[in-house]
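The structure appears right after this line, and notes come after that.
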Amino acid sequence: MLKDKYPRVYEHLSKRLESNWETTVKLLEKGQREHVLCDFSIPVFKTIYESTLEHFFERDVLKANHIS
């Protein structure tokens, strides 16, 4: 729905999801070094996170759950 109703917003969001990860990656790495976070694959986490958000925006999750 977002893609159809607001294509520019969707495009902007898609580009943000695919780039600008440097700060987030640095924070995740710092958390792992300081043992605040357990060791995990950051590239795998990034892929899972991106896919989850894309899936969320491609489906009518909010509408199906009566959330505006």
Shared hydrophobic cluster for Val36 and Val25 (ILVMFWY, side-chain gaps under 4.5 Å)
no
Qualifying residues under side chain to side chain donor-acceptor pair (under 3.5 Å), relative to His55, sequence neighbours excluded:
Arg59
Going only through I, L, V, M, F, W and Y residues with side-chain contacts under 4.5 Å, is there a path from Leu27 to Leu53?
no
Once side chain to side chain donor-acceptor pair (under 3.5 Å) is applied, what residue pairs with a partner in residues 24-52 remain, sequence neighbours excluded?
Trp21-Glu50, Lys46-Glu50
Could you identify which residues cluster with Val44, counting Ile, Leu, Val, Met, Phe, Trp and Tyr as linked when any side-chain heavy atoms lie under 4.5 Å apart, either directly or through a chain of such contacts?
Ile48
